[in-house]
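Data first, discussion second: the structure below is written as structure tokens.
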Amino acid sequence: MRNVAVVGIGETAFGEHWEKSLRALAVEAGIAAIRDANIEGADIEAMYIGNMSAGKFIGQEHLAALAVDQAGLVGIPSSRLEAACASGSLAFRQACLAVASGEYDIVIAAGAEKMTDLQTEDVTTTLMGAGDQEWEGWLGMTFPGLYALMARRHMYEYNTTREQMALFSVNGHKNAALNPKAQFPFEITVEDVLNSPLVADPLRLLDCSPVSDGAAAVIIASEDVAKRFENPIWLIGSGQATDNLALHDRKSLTSLRATKIAAKRAYEQAGIAPEKIDVAEVHDCFSINGLVALEDLGFCERGKSGKFVEDGNIERGAAVSINTSGGLKAKGHPVGATGISQIIEIVKQLRGECGKRQVPAEFGLTHNVGGTGATVVVNIFGKELKER
Ligand code: COA
């Protein structure tokens, strides 16, 4: 397999875009990525687009064709990838595998979602399609509800406190305040989180990622082609794994098996240990999932994530800088776009383009979860090419 690198990035701001359609958002991100790479649209040989549920959110299916059409690239192969909130990362991985296989030299991987056109209750029902409809959704379960069960169990098994979970959101908002693309670019306190409206006990509003619109795109190139670009950021490890779809079928409620498997593969491929990761974008759809990710990705011991956060280890420039973009909580979570957006933040950190939220970084990681962990993708990026 050949090495691949990200050579162009582009994204829209995340938030409520009443005035922009899904197609307009996707095109905006795609053009920004093409411009950033300084290539022509005609250089792109294939398109991969991650999207969870445009059919339910806006009544539009067949997104692969729509995206290629709107981008003015009709003729090239285009594929839509779906794995709930991990759809963007799936698009990225398939794009990278296609380039690594030798089939293409330059491709685009994008993610897009427009969620705010529906009322919250319809968004909640649509998102629940990522769970087990027969055993979870039809019985009234929601995603905040499922993650609340995980939070309760983590509190029970490891004495994790409400304040420790809140601190994860506080960190995300602190970083989002420095990110002009973020949906909520303002700081919050632990008290703000604890006093915010209850959503699903013990999770409150400020533990939850929001409902968002947005799109993100990256240009991926093969090793020989990427070397001609000014600042390629290399994909040095990548893993994807699955777990039981329904939460009640899992062995544990306090750890995501798919994260552990995907991370192990990614670390092995990259040839580095978790301690070497300087900056990571982890999937904090709810604050508890941020804590669980820290443990499953090997940044701290099992059951110790609350204390790890409390001790300041995830702040910018600390042991591992977590969610410098603001994360899903504060940057926003247009589900199909999130995985690509996480990659963009890590590429920017490794390029040194993050301005006030820049941290010293040689290695960066992305962690993208579908559903309650039935699909997970972990990617590791480096500034230097890893010889295979
Ligand atoms: N964090 C911070 N503020 C939020 C927010 C969030 N997650 N969600 C909404 N708000 C703010 C809004 O900006 C609005 O502020 P304003 O009154 O100053 O304008 C206010 O809260 C009310 O917004 P509204 O859209 O009416 O909230 P809601 O009650 O309909 O929805 C949630 C709140 C938490 C239920 C919704 O954001 C949600 O479902 N989040 C989870 C999404 C999800 O499950 N994603 C998939 C993960 S697997």
Side-chain angles (χ1 to χ4, degrees), residues 14-18 50-53 56-57 82-89 111 113-132 136-137 141-151 165-166 168-174 176-177 182-189 192-214 243 245-247 256 258-259 282-290 292-293 323 326-339 341-342 367-376:
F14 284 3
E16 282 190 39
H17 288 293
W18 292 107
N51 172 265
M52 177 184 162
S53 204
K56 290 217 168 123
F57 285 126
E82 188 273 312
C85 308
S87 300
S89 288
E113 206 82 55
K114 184 143 178 56
M115 304 167 73
T116 67
D117 290 358
L118 294 184
Q119 297 293 326
T120 304
E121 53 267 37
D122 296 326
V123 171
T124 303
T125 305
T126 298
L127 288 172
M128 199 51 220
D132 185 326
E136 296 176 327
M141 200 35 112
T142 63
F143 268 100
L146 289 166
Y147 276 99
L149 290 176
M150 292 162 76
M165 283 190 268
F168 202 94
S169 297
V170 170
N171 178 69
H173 272 264
K174 195 171 174 188
Q183 183 163 354
F184 297 129
F186 53 81
E187 297 200 22
I188 58 170
T189 63
D192 291 334
V193 182
L194 302 186
N195 293 326
S196 63
L198 196 58
V199 174
D201 197 16
L203 300 179
R204 294 179 173 271
L205 181 71
L206 293 177
D207 290 295
C208 305
S209 58
V211 173
S212 317
D213 304 329
D243 200 348
L245 185 63
L247 195 59
L256 300 191
T259 297
V282 307
H283 196 98
D284 62 328
C285 50
F286 300 94
S287 55
I288 182 60
N289 208 33
V292 169
N323 291 0
L328 281 58
K329 166 69 203 79
K331 188 188 177 194
H333 185 28
V335 285
T338 292
S341 169
Q342 292 178 316
H367 165 250
N368 194 196
V369 174
T372 49
T375 301
V376 175

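Both counts, for ligands and for their atoms, begin at 1 and track the order of listing. What you see is a predicted model, and the numbers here were worked out from it, not measured in a lab.
- Between F184 and H173, the two ring planes are parallel [angle under 30°; tilted spans 30° to 60°].
- The 4.0 Å heavy-atom shell around ligand 1 contains residues C85, T120, L127, F143, F184, L205, L206, C208, S209, P210, V211, C285, F286, K329, H333, ordered by chain and number.
- Side-chain contact check for S287 versus K329: every heavy-atom pair is 4.5 Å or farther apart.
- Distance CG/L245 to OG1/T372: 7.0 Å, rounded to 0.5 Å.
- Side-chain atoms of T189 and D192 include a donor-acceptor pair closer than 3.5 Å.
- Taken to the nearest 0.5 Å, the CE atom of M165 stands 9.5 Å off from the CG atom of L194.
- Around the CD atom of E121, the shell of radius 6.0 Å holds more than 12 heavy atoms that belong to other residues, nucleotides or ligands.
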